[in-house]
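Input: a single structure, listed below in structure tokens.
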There are 2 protein chains.
Amino acid sequence: MERVIASGSCVADGAASLTELDNEMHRESGSKSSSGRKHRLSAHEVLFYEGDRADRIYEVLDGVMMLYKLLPDGRRQVVYVLRAGDMLGFTNHDTFDCTAEALTAVELQVYETREVATSPLLQHYVNRCLLSQMEHLHEHTVLLGRKSAMERVATFLMSLVPDRGGANCAGPANRDAPDMRSVVLSMTRQEIADYLGLTIETVSRVISQLKRKGLIKVEKQDSIHIQNVCGICQLTGMH
Amino acid sequence: MERVIASGSCVADGAASLTELDNEMHRESGSKSSSGRKHRLSAHEVLFYEGDRADRIYEVLDGVMMLYKLLPDGRRQVVYVLRAGDMLGFTNHDTFDCTAEALTAVELQVYETREVATSPLLQHYVNRCLLSQMEHLHEHTVLLGRKSAMERVATFLMSLVPDRGGANCAGPANRDAPDMRSVVLSMTRQEIADYLGLTIETVSRVISQLKRKGLIKVEKQDSIHIQNVCGICQLTGMH
DNA sequence: CCTGTTCTTTGTTTCAAATCAAAAAATGTG
DNA sequence: CACATTTTTTGATTTGAAACAAAGAACAGG
């Protein structure tokens, strides 16, 4: 992945299949009138660029996306990671303030802006998403402003453990044996680094440290087995 | 100011005077039915603590407030600075996720949660605020994750220059001679440090550097004369 | 106006993470 | 499956900001 400092260009239009029924992933208010189109992205495809005209909002039905911003010299900061149920694309202005890129293959529900304005149900759901994102951003602000590299990585890992790091966790995942969980990162080391405000080398080193301490086991690059959830949790700086 | 790691306790109830008319500071949709109460805080008074039950939301009519979070060991991160027109207190849950403290004397408009639910006008305004805060948090995330100390302070100063750092700037302020502006910080060095993810010493040193370079002049502790807006702007990392 | 307190600045030292460099794994492709 | 490419890991060194320390300014209150 080259770190181009591009901008402009827009949605890579894909198969806009009119899909069956609203998936039951919504924790909130059952069905949300499945009038809209669906949109599919493959991994690392860009949905929209910062500065593009904003005319629709999206709900992640499946897969993982990220929002990021670039500085002119190429430094990147991932500002948000979106998973099933999360919404993206809302803005105060008529342009997007971040670039949205798929981390994995992604399925999206597409809503027109006016569609949101007319549906109170949808509006309510969008609002819930906004508030939940805001809260998460507050938490992430603390991470970036005040936590050590080890604390950042530990916090990141905990956020992937179902029912431990808030709502935003990776898929179904196994919650069988206590203190023995597997999490799927869905991000490269570089993406994790750009999310946690670190370098790729530091992320790698911290993961190695945790491995050496026996707290985690790296199954695949992308998949980490957390041997000791409590141990990791102690390292987040929050306990 | 001692850095207590307290929590609990609640709103220091003050003079809930029923005030005249809606102030005309609202850029949005003229009058917002001035049914509500007003609330006044003096500098460094806490409006609510993280974890307190959330039952009302507030609009800053005058003065400056901050939202912050504490880690158990006392590290603090200021996650947002609120000025006239900004709203605070909305949450996904029934508790606040941050502590809200006045940086200066503050006047607030108080809205009951149900009040917001019933007024479409108010709801619309709250939404605009949410989106604008979100956008600002994204920008601040980049600052905390990727910018140097110098870039952080320069960005902070620019945010206080009217019509240069987005909406969130200090009061009316003078926009007379080009390239000659005075900004009021409304924050101590410690508060700035906790906002920018730095230490008080680093903030002080960077300000001294800017002083030596002749880009700024410190009038009072709290008030900085920006001699060369372009110069500071070049240092934000965004140009 | 003096006096204690708090806040800010400046100097010195330390350290965690960045940078630079290169080997080792993993991944993809003809 | 061998080869080229990308990603990750590990090592050595540098560096920017933190931590520690202390002097100097600003401020509050009697």
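Per chain, numbering begins at 1; letters A, B, ... match sequence-line order.
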Do nucleotides 22-30 of chain D as a string where each nucleotide becomes B, S or -: B if the base has a protein heavy atom under 4.0 Å, S if just the sugar-phosphate does, - if no protein is that close. ----S----
Nearest-Å distance, NZ (B:Lys211) to C1' (C:dT9)? 8 Å
B:His225 and side chain to side chain donor-acceptor pair (under 3.5 Å): which partner among B:Arg181, B:Glu219, B:Lys220? B:Glu219
Would you confirm whether B:Arg40, through its side chain, and B:Glu107, through its main-chain N or O, come within 3.5 Å as a donor-acceptor pair? no
Taking side-chain contact (heavy atoms from CB on, under 4.5 Å) as the criterion, tell me which of A:Glu191, A:Arg152, A:Arg189, A:Gln190 meets it with A:Val203. A:Arg189
Just by distance, no angles: are the side chains of B:Ser42 and B:Glu45 close enough, under 3.5 Å, to form a donor-acceptor pair? yes
Whole-Å distance between C:dC7 P and B:Met187 CE? 14 Å
Do A:Glu201 side-chain and C:dC20 base share a donor-acceptor contact under 3.5 Å? yes
May I ask you to check whether B:His239 and B:Gln234 show a side-chain donor-acceptor distance below 3.5 Å? no
Expressed in angstrom and rounded to an integer, what is the separation of A:Ile207 atom CD1 from C:dA26 atom C1'? 15 Å
Please check if any side-chain donor atom of A:Thr155 sits under 3.5 Å from a side-chain acceptor atom of A:Lys147, or the reverse. yes
Base, sugar-phosphate alone, or nothing: which one does A:Thr188 contact when heavy atoms must sit under 4.0 Å apart? sugar-phosphate
Using every non-hydrogen atom in the two residues, find where A:Met134 and B:Gln133 come nearest and quote the distance to one decimal. CE-OE1, 3.5 Å
Please tabulate the protein-to-nucleotide N/O contacts below 3.5 Å involving nucleotides 13-18 of chain C, giving atom names and distances.
| from | atom 1 | to | atom 2 | distance (Å) |
| --- | --- | --- | --- | --- |
| C:dA17 | OP1 | A:Ala149 | N | 2.6 |
| C:dA18 | OP2 | A:Thr199 | N | 3.3 |
| C:dA18 | OP2 | A:Thr199 | OG1 | 3.1 |
| C:dA18 | OP2 | A:Thr202 | OG1 | 2.5 |

Interatomic distance where CD belongs to B:Glu151 and P belongs to D:dA17 [whole Å]: 9 Å
Using whole Å, what does the distance between atom C1' of nucleotide D:dG16 and atom CZ of A:Arg75 come to? 13 Å
Axis-to-axis angle across the helix from C:dC1-D:dG30 to C:dG30-D:dC1, five pairs each end, nearest 10 degrees, ~ 50°
Below 4.5 Å, heavy atoms only, C-beta onward: do A:Tyr49 and A:Phe96 meet side chain to side chain? no
Atom-pair distance (CD1 on B:Ile200; P on C:dC7), nearest Å: 8 Å
Centroid-centroid under 6.0 Å between A:Tyr80 and A:His140 rings: no
Please report the distance, rounded to the nearest Å, between CD in A:Glu191 and P in D:dT6. 15 Å
Is a salt bridge present between B:Glu151 and B:Arg146, judged by a nitrogen-to-oxygen distance below 4.0 Å? no
Measure CD/B:Gln190 against P/C:dT5 and give the value in whole Å, please. 20 Å
So, B:Tyr68 and B:Glu101: side-chain donor and acceptor under 3.5 Å apart, yes or no? yes
